[in-house]
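Keep in mind the model is a prediction, meaning the values are calculated, not measured.
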Amino acid sequence: MKKKLFVFSFLVFSFCIIILSCSTSKNRFFNRNYHRLTTKYNVLFNGEEAFGLGYDALLSTHRDDFFELLSIYPYTIEENSKGLPTSQLFSRAETKAIKAIQKHSMRIKDVEYNRLIERVYLLLIKSRFFDGRFILAINSTKEFLNKFPNSIYLNEVLLWRAILYIQLEYEELAIRSLKQNVYRYLKSDPLYGENFAVIGQAHMNLKQIDSALYYMKKAADYKEINPLLKPRYLFITAQMYERQNKLDSALLYYKKIHSLSRRKQQKFGINSILQSHLINAKQGDTINFTNKLLRLTKRERYKKDNYIIYKTLGEFALNIENNPEKAIDYFNKSLKETSNNIKSKSQNYQLLSEYYFKEKDFLSAGIYLDSTIRNTSPTNKNYRDLQKKYQSLETIVFLEKKLKDTDSILTLISKTKPEQKKYFENYIDTQNEKELKKLTDSKETQSESTFYFYNTLSKTKGQQQFQSIWGNRPNVDEWRLTSKINSISSFKNTTLNASETSFFKKTPESYMALLPKDSLEIDSIKKDRNQNLLKLGAMYATKYSNQTLATSYLEKLLASNPSEEEKEQGLFFLSKTTNPKKIVHYKTASILEDTTKVDSTKSPSLNYRSLKTLYDSKQYEKVIEATNNLKPNKTTNAKTALLRANSLGKINGLKVLEKEYRAIIKNYPSSIERRYVEKQLNYIEEIKIDSLGI
């Protein structure tokens with residue numbers, strides 16, 4: 001009985017101690033230790049774990065562009081970056097930090113007795129920073145500095161405050177605050193070197209390269225720097241020397257990266273080697289450059305970096321060797337190697353697009369630019385510029401593709417039946433060969449079974465043969481009977497397309513049957529082709545200043561029996577070419593088309609130019625006679641009506657002119673000419689009033 005009473009008393013006493021220790025307003029031994037233990041092994045532990053997972057994920061997804069000046073940060077943070085995969089982890093870390101402050105802070109008479117709260121504030125600052133909420137993070141630093149002016153984490157918080165200032169584009173404030181606090185660091189403190197790196201980044205953002213280089217050099221040469229950051233700082237310093245054309249100093253810092261262990265070199269090792277070789281090539285050693293880099297691609301150590309090596313070879317061939325074909329080959333090899341590196345793919349596509357744009361091959365430039373945008377994140381600062389550039393090329397790409405299609409159809413129509421059959425036979429064979437080549441080249445089919453249904457190559461050949469005989473039939477019972485298939489489809493309330501009902505077969509005859517035969521349809525295709533030629537010629541002549549392409553398309557238009565209006569516009573744009581002989585020729589042709597002959601079969605614009613020529617030469621009777629012969633509301637327009645009215649007014653006087661003007665207002669109420677006519681009528685009214693002496 002006594003034993004039970006003792007146990008019960010001990011439990012009650014323990015419970016009372018726990019209840020009393022929960023208070024954060026009493027500075028007792030049990031209170032302090034209870035809140036420290038709860039903070040350390042519960043809230044803070046979970047918060048730091050979530051933060052660590054988010055930070056690791058952020059580092060793993062970050063891709064540096066080694067062809068641009070790097071940032072000191074091994075990550076990219078955008079303001080208000082909600083919705084990113086890491087955002088939830090940082091939000092969880094922030095929630096845990098806030099919970100620790102609210103429930104376990106023991107601030108009594110401006111003294112914090114739970115020393116772990118300082119660490120909690122640091123977690124809160126970093127969580128808000130990586131979640132893209134910079135203003136809230138700065139508020140947390142202010143709160144920390146007010147509460148803990150002598151904290152062991154003071155230097156780190158001051159460093160994060162400067163980083164936040166830089167993110168908010170207050171670089172001068174960041175530089176001033178760090179320079180004031182540099183004396184706080186011990187020279188054995190790793191943060192001492194990072195302090196100089198952050199000052200260097202602020203100067204970089206301000207385009208003050210000399211000052212940035214001074215501080216980055218101090219950070220890179222600091223011995224106690226974080227081993228993960230040292231190669232980055234060395235690489236940035238080398239890049240800055242290279243931009244100042246101090247190639248020997250740049251080589252020295254690239255070689256310092258080589259001297260680090262493989263583990264410490266990280267991704268900077270291969271890039272420092274490539275940049276060193278490029279510097280040597282710029283200094284004259286171009287002969288061995290390609291061979292050195294190709295040898296690197298065969299080394300097992302650099303297999304995963306082949307995409308960078310081929311990209312460097314491509315840029316070298318394009319910019320230094322001036323060998324576009326070789327460059328394109330290397331860029332394509334780089335694209336094959338970049339299965340997971342989307343940023344590198346985007347850069348390769350962009351380089352190819354820029355090359356074709358310089359060469360004025362706008363179709364290829366547009367295609368590669370489209371691929372660039374597809375592999376570029378919408379949050380990228382260059383994304384909008386790429387989109388604007390593509391929008392200007394999008395019309396060119398669309399028209400070029402459309403022209404290619406119409407040309408192909410018209411070329412096939414012009415061939416004889418045997419020629420068409422031979423063409424489609426070759427086409428089918430080529431397509432089948434391509435499909436089989438893809439399979440034979442793939443690793444999956446290299447060691448497959450000889451059994452038919454387990455062999456992809458054999459099955460593909462069988463499918464091709466089946467389609468050539470039976471067409472694209474669905475996988476249903478009694479598939480040979482079309483009536484059965486149609487009844488099944490109607491039972492399932494589905495509608496078969498024409499191509500599905502006729503079961504399109506991959507035979508020359510099937511393709512030949514698809515070619516248009518109706519004369520109206522063929523005329524429509526020809527009209528589309530001519531319109532595309534005219535639009536492309538006009539765009540190349542006026543927007544892109546490519547007179548060679550413009551002349552080629554417009555001459556092709558004139559040779560393809562265009563309409564009068566198309567012919568006139570084609571001659572007009574051809575007269576804008578830079579070839580002096582052709583300018584004279586086409587201007588003459590354009591003038592010949594602009595004779596004073598007016599014909600109802602000609603375009604309204606041609607007729608107007610002819611009438612204007614007659615009017616300017618004061619042949620008013622001929623203008624009236626010509627407009628009488630034109631069909632109203634079809635080949636006439638407001639401009640020709642105005643010429644007729646002015647001609648009648650010149651001959652018959654003010655009353656007839658006023659009558660014709662009122663007819664123009666009635667017949668063309670939404671035209672530009674109406675405004676001119678109304679002004680003239682007001683002027684006529686004023687003349688009448690003056691003549692009456694009112």
Quick one: do Leu386 and Gln350 satisfy side-chain contact (heavy atoms from CB on, under 4.5 Å)? Show the steps, please. CA-CA 9 Å; Leu386 291 170; Gln350 190 171 355; 3.9 Å; yes
Below 4.5 Å, heavy atoms only, C-beta onward: do Leu554 and Leu533 meet side chain to side chain? no
Between Tyr620 and Asn652, does any side-chain donor sit less than 3.5 Å from a side-chain acceptor? no
For the atom pair OG (Ser334) and OH (Tyr349), what is the distance rounded to the nearest 0.5 Å? 10.0 Å
Side chains of Gln531 and Lys535, heavy atoms from C-beta outward: is any pair under 4.5 Å? yes
I'd like to check Arg243 versus Ile209 (side-chain heavy atoms, cut-off strictly below 4.5 Å). Are they in contact? no
NZ/NE/NH1/NH2 to OD/OE distance under 4.0 Å, Arg374 and Asp370: yes
All heavy atoms of Asn646 vs all of Tyr661, minimum pair found to be OD1-OH, 2.8 Å
With a 6.0 Å cut-off (strictly less than), is the heavy-atom count around CG of Asn561, excluding the residue itself, greater than 12? no
Within the distance-only criterion (no hydrogens, no angle test), does the side chain of Glu566 pair as donor or acceptor with the backbone N or O of Ser563 below 3.5 angstrom? yes
Any chance you could measure Leu558, atom CG, to Ser560, atom OG, to the nearest 0.5 Å? 7.5 Å
Between OG1 on residue Thr551 and NZ on residue Lys556, distance to nearest 0.5 Å: 14.5 Å
Check against side-chain contact (heavy atoms from CB on, under 4.5 Å), Lys415 and Thr411: CA-CA 7 Å; Lys415 292 178 182 290; Thr411 304; 4.3 Å; yes
How about Asp329 and Tyr310: do any of their side-chain heavy atoms sit closer than 4.5 Å? no
Minimum heavy-atom distance Thr290-Tyr330, with the two atoms named: CG2-OH, 3.5 Å
Pair Lys311 + Glu315, salt bridge at N-O below 4.0 Å: no
Over all heavy atoms of both residues, which pair between Ile664 and Ala645 is shortest? Give the atoms and the distance, please. CD1-CB, 3.9 Å
Side-chain donor or acceptor of Thr312 paired with backbone N/O of Ile308 under 3.5 Å: yes
Option among Gln680, Arg674, Arg675 that satisfies the side chain to side chain donor-acceptor pair (under 3.5 Å) test with Glu678: Arg674
Working to the nearest 0.5 angstrom, can you tell me the gap between Glu354 CD and Leu352 CG? 9.5 Å
Donor-acceptor pair, Gln420 side chain versus Leu412 backbone, under 3.5 Å? yes
CD1 on Ile651 to CD1 on Ile624, rounded to 0.5 Å: 3.5 Å
Which atom of Ala550 lies closest to which atom of Gly537, heavy atoms considered: CB-O, 3.5 Å
Minimal non-hydrogen separation, Leu657 against Gly649, with atom names: CB-CA, 3.8 Å
Measure from the side-chain N and O atoms of Ser353 to the backbone N and O of Ala365, and report whether any donor-acceptor pair falls under 3.5 Å. yes
What I want to check is whether the side chains of Thr416 and Glu419 have a donor and an acceptor closer together than 3.5 Å. yes
Say you draw a straight line from CG of Asp528 to CD1 of Ile409; how long is it, rounded to the nearest 0.5 Å? 9.5 Å
CA sep, side-chain torsions, deciding dist, call: Ile328, Tyr355, side-chain contact (heavy atoms from CB on, under 4.5 Å): CA-CA 9 Å; Ile328 291 166; Tyr355 165 72; 3.9 Å; yes
Thr406 side-chain N/O to Arg529 backbone N/O, donor-acceptor pair under 3.5 Å: no
Minimum side-chain heavy-atom gap Phe331-Tyr368 below 4.5 Å: no
Looking only at heavy atoms, which two atoms of Gly570 and Leu534 are closest? And how far apart? N-CD1, 3.9 Å
Considering only distance and modelled atom types, tabulate donor-acceptor pairs under 3.5 Å from the side chains of residues 395-404, sequence neighbours left out.
from   : atom 1 : to     : atom 2 : distance (Å)
Glu400 : OE1    : Tyr553 : OH     : 2.9
Glu400 : OE2    : Tyr540 : OH     : 2.7
Glu400 : OE2    : Tyr553 : OH     : 2.8

Do Leu648 and Lys659 make a side-chain contact, defined as non-hydrogen atoms from C-beta onward lying under 4.5 Å apart? no
